[in-house]
Amino acid sequence: MSTTLPVSAASVLERLSAMRITAEQSLSQVQAYLSSNPQPLARVVAGYRALLSDTGRRIIQAQAKVIQARAKNPTDPTLIALERRTVELLTMWTAHAQGYSPYERPATEAEKRGTVEVGAAPGVIIAIAIGAAVIAVSLTGIAWAVVHYKEAQTLSEEIAIVERDPSLADAIAKINATAPSSAPPDLPNPDSGGGFGWFLAAAAVAAAAIFIVPKLGKG
(Lines give C-alpha, C1' and ligand atoms only; values in the text may rest on other atoms or scores of the structure.)
Protein backbone atom coordinates (compact mmCIF):
# COMPACT_ATOMS: atom_id res chain seq x y z
CA MET A 1 0.00 0.00 0.00
CA SER A 2 1.41 3.39 -0.98
CA THR A 3 2.01 5.87 1.80
CA THR A 4 1.61 8.86 -0.49
CA LEU A 5 -0.75 11.26 1.29
CA PRO A 6 -2.12 13.82 -1.15
CA VAL A 7 -4.17 16.58 0.39
CA SER A 8 -7.86 15.85 -0.11
CA ALA A 9 -9.66 18.52 -2.13
CA ALA A 10 -12.86 17.57 -0.32
CA SER A 11 -11.21 18.10 3.07
CA VAL A 12 -9.94 21.52 1.99
CA LEU A 13 -13.38 22.52 0.69
CA GLU A 14 -15.13 21.36 3.86
CA ARG A 15 -12.74 23.31 6.04
CA LEU A 16 -12.85 26.36 3.77
CA SER A 17 -16.66 26.44 3.84
CA ALA A 18 -16.72 26.37 7.64
CA MET A 19 -14.12 29.14 7.78
CA ARG A 20 -16.15 31.29 5.38
CA ILE A 21 -19.26 30.95 7.54
CA THR A 22 -17.30 32.05 10.61
CA ALA A 23 -15.93 35.08 8.75
CA GLU A 24 -19.36 36.09 7.46
CA GLN A 25 -20.84 35.86 10.95
CA SER A 26 -18.41 38.54 12.13
CA LEU A 27 -19.09 41.01 9.29
CA SER A 28 -21.24 43.45 11.27
CA GLN A 29 -18.73 43.71 14.12
CA VAL A 30 -15.80 44.17 11.75
CA GLN A 31 -17.66 46.80 9.72
CA ALA A 32 -18.54 48.77 12.84
CA TYR A 33 -14.91 48.78 13.98
CA LEU A 34 -13.62 49.54 10.50
CA SER A 35 -15.78 52.65 10.21
CA SER A 36 -14.16 54.21 13.26
CA ASN A 37 -10.64 52.81 13.36
CA PRO A 38 -9.36 51.05 10.21
CA GLN A 39 -5.62 51.16 10.98
CA PRO A 40 -5.53 48.23 13.45
CA LEU A 41 -7.51 46.10 11.02
CA ALA A 42 -5.08 46.94 8.23
CA ARG A 43 -2.26 45.71 10.43
CA VAL A 44 -4.15 42.47 11.14
CA VAL A 45 -4.70 41.82 7.42
CA ALA A 46 -1.07 42.55 6.57
CA GLY A 47 0.07 40.30 9.41
CA TYR A 48 -2.26 37.51 8.34
CA ARG A 49 -0.95 37.61 4.77
CA ALA A 50 2.64 37.56 6.00
CA LEU A 51 1.89 34.58 8.26
CA LEU A 52 0.32 32.64 5.40
CA SER A 53 3.19 33.33 3.03
CA ASP A 54 5.87 32.35 5.54
CA THR A 55 4.00 29.35 6.95
CA GLY A 56 3.05 27.94 3.56
CA ARG A 57 6.64 28.01 2.37
CA ARG A 58 7.84 26.32 5.56
CA ILE A 59 5.18 23.58 5.47
CA ILE A 60 6.02 22.72 1.85
CA GLN A 61 9.74 22.68 2.56
CA ALA A 62 9.26 20.53 5.66
CA GLN A 63 7.10 18.09 3.72
CA ALA A 64 9.77 17.86 1.01
CA LYS A 65 12.38 17.04 3.67
CA VAL A 66 10.16 14.37 5.20
CA ILE A 67 9.56 12.81 1.78
CA GLN A 68 13.29 12.86 1.09
CA ALA A 69 14.04 11.23 4.44
CA ARG A 70 11.34 8.58 4.01
CA ALA A 71 12.71 7.67 0.59
CA LYS A 72 15.80 6.48 2.46
CA ASN A 73 13.88 4.90 5.36
CA PRO A 74 10.25 4.31 4.27
CA THR A 75 9.17 2.27 7.30
CA ASP A 76 10.40 4.61 10.03
CA PRO A 77 7.31 5.24 12.24
CA THR A 78 8.41 8.71 13.30
CA LEU A 79 8.87 9.83 9.70
CA ILE A 80 5.50 8.32 8.78
CA ALA A 81 3.87 10.34 11.55
CA LEU A 82 5.71 13.50 10.49
CA GLU A 83 4.56 13.05 6.90
CA ARG A 84 0.95 12.68 8.01
CA ARG A 85 1.27 15.78 10.16
CA THR A 86 2.70 17.89 7.34
CA VAL A 87 -0.23 16.83 5.16
CA GLU A 88 -2.65 17.91 7.89
CA LEU A 89 -0.90 21.26 8.19
CA LEU A 90 -0.84 21.70 4.43
CA THR A 91 -4.58 20.98 4.30
CA MET A 92 -5.26 23.70 6.87
CA TRP A 93 -2.94 26.17 5.17
CA THR A 94 -4.50 25.53 1.75
CA ALA A 95 -7.95 26.28 3.16
CA HIS A 96 -6.64 29.55 4.59
CA ALA A 97 -4.95 30.65 1.37
CA GLN A 98 -7.67 29.55 -1.04
CA GLY A 99 -10.41 30.92 1.20
CA TYR A 100 -8.90 34.35 1.67
CA SER A 101 -7.47 35.01 -1.82
CA PRO A 102 -10.79 35.88 -3.58
CA TYR A 103 -11.26 38.78 -1.20
CA GLU A 104 -8.24 40.79 -2.30
CA ARG A 105 -7.20 42.40 -5.57
CA PRO A 106 -4.79 45.08 -6.80
CA ALA A 107 -5.93 48.50 -5.60
CA THR A 108 -7.25 51.12 -8.01
CA GLU A 109 -5.48 54.43 -8.41
CA ALA A 110 -8.07 56.09 -6.16
CA GLU A 111 -7.49 53.48 -3.47
CA LYS A 112 -3.72 53.96 -3.62
CA ARG A 113 -3.91 57.50 -2.25
CA GLY A 114 -3.50 56.20 1.27
CA THR A 115 -2.23 53.03 2.84
CA VAL A 116 -5.65 52.61 4.45
CA GLU A 117 -8.82 53.76 2.74
CA VAL A 118 -12.50 53.04 3.24
CA GLY A 119 -14.52 53.13 0.04
CA ALA A 120 -18.20 53.03 -0.82
CA ALA A 121 -18.74 50.44 -3.56
CA PRO A 122 -18.84 47.47 -3.84
CA GLY A 123 -18.62 47.67 -0.06
CA VAL A 124 -16.11 48.60 2.56
CA ILE A 125 -12.60 48.34 1.14
CA ILE A 126 -9.31 48.58 2.94
CA ALA A 127 -6.20 49.35 0.89
CA ILE A 128 -2.83 48.20 2.23
CA ALA A 129 0.66 48.87 0.96
CA ILE A 130 2.63 45.60 0.66
CA GLY A 131 6.12 46.59 -0.39
CA ALA A 132 5.82 48.27 -3.79
CA ALA A 133 2.27 46.97 -4.31
CA VAL A 134 -1.02 48.17 -2.91
CA ILE A 135 -3.82 45.66 -2.42
CA ALA A 136 -7.51 46.24 -1.78
CA VAL A 137 -9.27 43.84 0.57
CA SER A 138 -13.05 43.50 0.80
CA LEU A 139 -14.97 43.58 4.05
CA THR A 140 -15.32 39.80 4.06
CA GLY A 141 -11.58 39.46 3.50
CA ILE A 142 -10.89 41.70 6.46
CA ALA A 143 -13.28 39.65 8.61
CA TRP A 144 -11.62 36.44 7.35
CA ALA A 145 -8.19 37.67 8.42
CA VAL A 146 -9.44 38.86 11.81
CA VAL A 147 -11.25 35.68 12.83
CA HIS A 148 -8.62 33.27 11.42
CA TYR A 149 -5.47 35.13 12.47
CA LYS A 150 -4.99 33.06 15.63
CA GLU A 151 -5.23 29.76 13.74
CA ALA A 152 -2.64 31.06 11.24
CA GLN A 153 -0.34 31.76 14.19
CA THR A 154 -0.94 28.25 15.49
CA LEU A 155 -0.05 26.79 12.09
CA SER A 156 3.25 28.67 12.21
CA GLU A 157 3.96 27.35 15.70
CA GLU A 158 3.08 23.77 14.75
CA ILE A 159 5.31 23.67 11.68
CA ALA A 160 8.12 24.99 13.88
CA ILE A 161 7.74 21.85 16.01
CA VAL A 162 8.11 19.69 12.91
CA GLU A 163 11.12 21.71 11.76
CA ARG A 164 12.84 21.14 15.11
CA ASP A 165 12.02 17.44 15.37
CA PRO A 166 15.33 15.65 16.08
CA SER A 167 14.23 12.53 14.19
CA LEU A 168 13.83 14.53 11.00
CA ALA A 169 17.10 16.35 11.53
CA ASP A 170 18.96 13.09 12.07
CA ALA A 171 17.40 11.49 8.99
CA ILE A 172 18.23 14.46 6.77
CA ALA A 173 21.81 14.56 8.09
CA LYS A 174 22.31 10.98 6.89
CA ILE A 175 21.21 11.71 3.33
CA ASN A 176 24.04 12.10 0.83
CA ALA A 177 24.62 15.82 0.51
CA THR A 178 25.30 15.44 -3.20
CA ALA A 179 21.88 13.94 -3.94
CA PRO A 180 19.55 16.12 -6.02
CA SER A 181 17.36 18.27 -3.83
CA SER A 182 13.60 17.76 -3.88
CA ALA A 183 12.91 21.02 -2.08
CA PRO A 184 10.45 23.31 -3.88
CA PRO A 185 11.38 26.90 -4.76
CA ASP A 186 10.79 29.63 -2.20
CA LEU A 187 7.51 31.48 -2.29
CA PRO A 188 7.57 35.25 -2.79
CA ASN A 189 7.84 37.32 0.36
CA PRO A 190 4.74 39.54 0.75
CA ASP A 191 6.93 42.37 1.98
CA SER A 192 8.99 42.41 -1.21
CA GLY A 193 6.28 43.91 -3.40
CA GLY A 194 4.67 40.67 -4.54
CA GLY A 195 1.23 41.97 -3.65
CA PHE A 196 -1.75 40.09 -5.03
CA GLY A 197 0.27 37.60 -7.08
CA TRP A 198 1.83 35.71 -4.18
CA PHE A 199 -1.31 33.65 -3.64
CA LEU A 200 -1.15 32.36 -7.20
CA ALA A 201 2.51 31.45 -6.75
CA ALA A 202 1.73 29.78 -3.43
CA ALA A 203 -1.08 27.75 -4.96
CA ALA A 204 1.15 26.56 -7.81
CA VAL A 205 3.95 25.45 -5.49
CA ALA A 206 1.50 23.81 -3.09
CA ALA A 207 -0.08 21.88 -5.95
CA ALA A 208 3.31 20.52 -6.93
CA ALA A 209 4.12 19.54 -3.36
CA ILE A 210 0.73 17.91 -2.86
CA PHE A 211 0.33 15.91 -6.01
CA ILE A 212 3.82 15.24 -7.36
CA VAL A 213 4.85 12.94 -4.52
CA PRO A 214 6.87 9.75 -5.05
CA LYS A 215 5.58 6.39 -3.86
CA LEU A 216 7.59 5.47 -0.82
CA GLY A 217 6.84 1.77 -0.50
CA LYS A 218 5.01 0.12 2.35
CA GLY A 219 4.20 1.99 5.52
Side-chain angles (χ1 to χ4, degrees), residues 9 12-60 90-156 185-207:
V12 171
L13 181 59
E14 180 180 6
R15 190 175 190 88
L16 189 158
S17 298
M19 294 173 73
R20 182 179 291 121
I21 291 171
T22 303
E24 291 174 349
Q25 289 174 338
S26 69
L27 285 175
S28 59
Q29 292 176 314
V30 171
Q31 186 167 21
Y33 193 88
L34 184 63
S35 299
S36 61
N37 194 8
Q39 288 283 357
L41 294 180
R43 289 193 292 270
V44 170
V45 175
Y48 179 76
R49 295 178 84 260
L51 268 174
L52 289 191
S53 179
D54 176 68
T55 302
R57 181 186 65 248
R58 289 164 56 207
I59 292 171
I60 293 167
L90 192 54
T91 299
M92 290 187 283
W93 175 82
T94 302
H96 275 265
Q98 289 185 359
Y100 167 79
S101 60
Y103 302 125
E104 76 167 42
R105 57 170 172 75
T108 65
E109 290 303 317
E111 291 163 348
K112 291 180 181 179
R113 293 171 186 163
T115 56
V116 176
E117 179 175 320
V118 177
V124 179
I125 297 294
I126 192 165
I128 306 168
I130 305 292
V134 180
I135 61 167
V137 184
S138 71
L139 175 62
T140 305
I142 299 166
W144 179 285
V146 169
V147 299
H148 299 309
Y149 187 91
K150 179 60 179 176
E151 186 177 68
Q153 282 186 318
T154 301
L155 276 175
S156 179
D186 285 345
L187 300 183
N189 186 321
D191 297 324
S192 64
F196 180 75
W198 80 266
F199 276 111
L200 300 180
V205 175

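In this text the structure is predicted, and so the values were computed from the model without any measurement. Start at 1 with the first residue, then count along the sequence.
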### Task
Given side-chain contact (heavy atoms from CB on, under 4.5 Å), test R57 with I60 step by step and report yes or no.
CA-CA 5 Å; R57 181 186 65 248; I60 293 167; over 6 Å; no
### Message
For the CD atom on Q153, are there more than 12 heavy atoms of other groups (residues, nucleotides or ligands in this structure) within a distance under 6.0 Å?
### Response
yes
### Spacing of CD belonging to Q31 relative to CG belonging to L41, to within rounding of 0.5 Å
11.5 Å
### Message
Once you measure the plane-to-plane angle for Y100 and Y48, does it fall in the parallel (<30°), tilted (30-60°) or perpendicular (>60°) bin?
### Response
perpendicular
#### Entry: Gap between atom CH2 of W144 and atom OG of S101 - 0.5 Å precision
9.0 Å
### Query
How about E14: does its CD atom have over 12 heavy atoms from other parts shown lying under 6.0 Å from it?
no
#### Entry: Criterion side-chain contact (heavy atoms from CB on, under 4.5 Å) on R20 and Y103, from CA distance to verdict
CA-CA 11 Å; R20 182 179 291 121; Y103 302 125; 3.3 Å; yes
### Query
How about R15 and T94: does a side-chain donor come under 3.5 Å of a side-chain acceptor?
no
### Query
Is a side-chain N or O of S53 found less than 3.5 angstrom from the main chain of R49, in a donor-acceptor match?
no
### Message
I'd like to know if the side chain of H96 reaches the main chain of L52, judged simply by a donor and an acceptor atom lying under 3.5 Å from each other, with no hydrogens or angles considered.
### Response
no
### Query
Could you state the interatomic distance from CE (M19) to CD (E151), rounded to the nearest 0.5 Å?
5.0 Å
### Query
Taking it one step at a time, do M92 and I59 satisfy side-chain contact (heavy atoms from CB on, under 4.5 Å)?
CA-CA 11 Å; M92 290 187 283; I59 292 171; over 6 Å; no
### Query
Under 3.5 Å, is there a donor-acceptor pair between the side chain of T22 and the main chain of A18?
yes
#### Entry: The single option from V147, I142, V146 passing side chain to side chain contact (heavy atoms under 4.5 Å, CB included) against S26
V147
